[in-house]
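Let me begin by presenting the structure, written as structure tokens, before commenting on it.
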Amino acid sequence: MEIIIQPTPETASGIAVRIIARLLREKPNAVLGLATGSTPLRLYRELVRQKLDWSRVKTFNLDEYVGLAPAHPQSSHSFMWKNFFQNINIARKNIHVPDGEAKNIPVFCLRYEKQIRAAGGIDLQVLGIGTDGHIGFNEPTSSLASRTRIKTLTARTRRDNAGFFGSEKKMPHHVITMGIGTIMGARQILLLAFGRNKANAVAQAVEGPITSMNPASGLQMHPVAKMVLDKAAAAKLKRADYYRWVYENKPDWQKA
Ligand code: GLP
């Protein structure tokens, strides 16, 4: 894993923007995996400002709440349209977000996996991380080989995300999420984590053992995984000085 520690969420998001802008320049028909949550908001805002060409880009979102209509204000659909898609020149047919209203969820999940394969696989997957180390909605004990499927949220994740819904009672218990195996299939991973409340999850994912108890630790097995952190999210890393030195002393050709 490449660990990039930045002073603030703004500078960290700036690096993520450069990585994605470079990918789009090199491959205008790139396939991106996208995440919701508060963490990638600055990234999306800045990508919009850059006026890149999204006309040939395809996107696949990580997850959606089961039972929420696309128009529900807390759905991943709404989140992505409001914060990103409506502001870029992406073609509607190139956007994929799991269908929380799918009648037959297992069939839908198989089709989602098939669509990702048919698009040529994901070139770069954007990720946040939950306070318990979840990626997408793969809660602790998720199989590290899992594919897109239904998952049940933990009490902790429901507490963490309740704010978006007004109260925990209004939050769905079930979600459709890409699996950890699906995420591992992306050619490049770009995980963002900001704030003190992510520091434990990040430290365990980077420096702890690979364990389904911290799903993000599975990314240790990914050959091209970057974690871009602000100072607070990096606070519990034992080898932070080493990661900083590595990043600051990269050869020019390797810089993002
Ligand atoms: C949510 C999402 C994840 C996200 C994580 C952190 O549950 N399913 O994709 O990365 O929790 O959210 P936030 O960025 O708001 O801290």
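Both ligands and their constituent atoms are indexed starting at 1 by order of listing.
A cation-pi arrangement is present between R92 and W81 under the rule of less than 6.0 angstrom and at most 45 degrees off the ring axis.
Ranking the protein heavy atoms by distance from atom 14 (O) of ligand 1 puts T39 OG1, 2.5 Å first. Counting protein heavy atoms only, atom 16 (O) of ligand 1 is closest to K198 NZ, 2.6 Å. Among all non-hydrogen protein atoms, the one lying nearest atom 5 (C) of ligand 1 is H134 NE2, 3.7 Å. The closest protein non-hydrogen atom to atom 4 (C) of ligand 1 is T36 O, 4.1 Å. Counting protein heavy atoms only, atom 3 (C) of ligand 1 is closest to G136 O, 3.5 Å. Closest protein heavy atom to atom 7 (O) of ligand 1: F137 CE2, 2.7 Å.
Residue G37 approaches ligand 1 through these ligand atoms, each under 4.0 Å from one of its heavy atoms: 14 (O), 15 (O). For ligand 1 and G128, the ligand atoms under 4.0 Å from any heavy atom of the residue are 10 (O).
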Could you please spell out the steps behind the ring pair (Phe, Tyr, Trp, His ring centres under 6.0 Å) verdict for Y112 and F108? CA-CA 6 Å; Y112 203 65; F108 172 81; 5.7 Å; yes

Residue pair N87, R49: steps toward the side chain to side chain donor-acceptor pair (under 3.5 Å) verdict: CA-CA 9 Å; N87 301 317; R49 239 171 48 82; over 6 Å; no

Apply side chain to side chain donor-acceptor pair (under 3.5 Å) to the pair S13 and E46, showing each step before the final yes or no. CA-CA 8 Å; S13 301; E46 189 52 31; over 6 Å; no

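Not one N or O of T157 is nearer than 3.5 Å to an N or O of ligand 1, by distance alone. The shortest N or O to N or O distance between L62 and ligand 1 is not below 3.5 Å.
Hydrophobic clustering (ILVMFWY, side-chain heavy atoms < 4.5 Å, transitive): F137 and L127 are in distinct clusters.
Only the backbone of I129 comes within 4.0 Å of ligand 1, counting heavy atoms alone; no side-chain atom from C-beta on gets that close. Here N161 has side-chain heavy atoms under 4.0 Å from ligand 1, and that is the only part of it that gets that close.
Residue E2 holds its CD atom at 10.0 Å from CG of L190, rounded to the nearest 0.5 Å.
Ring orientation note: the planes of H72 and F165 are tilted relative to one another, at an angle of 30° to 60°. Below 30°, between 30° and 60°, or above 60°: for F84 and Y44 the angle between ring planes is below 30°, a parallel geometry.
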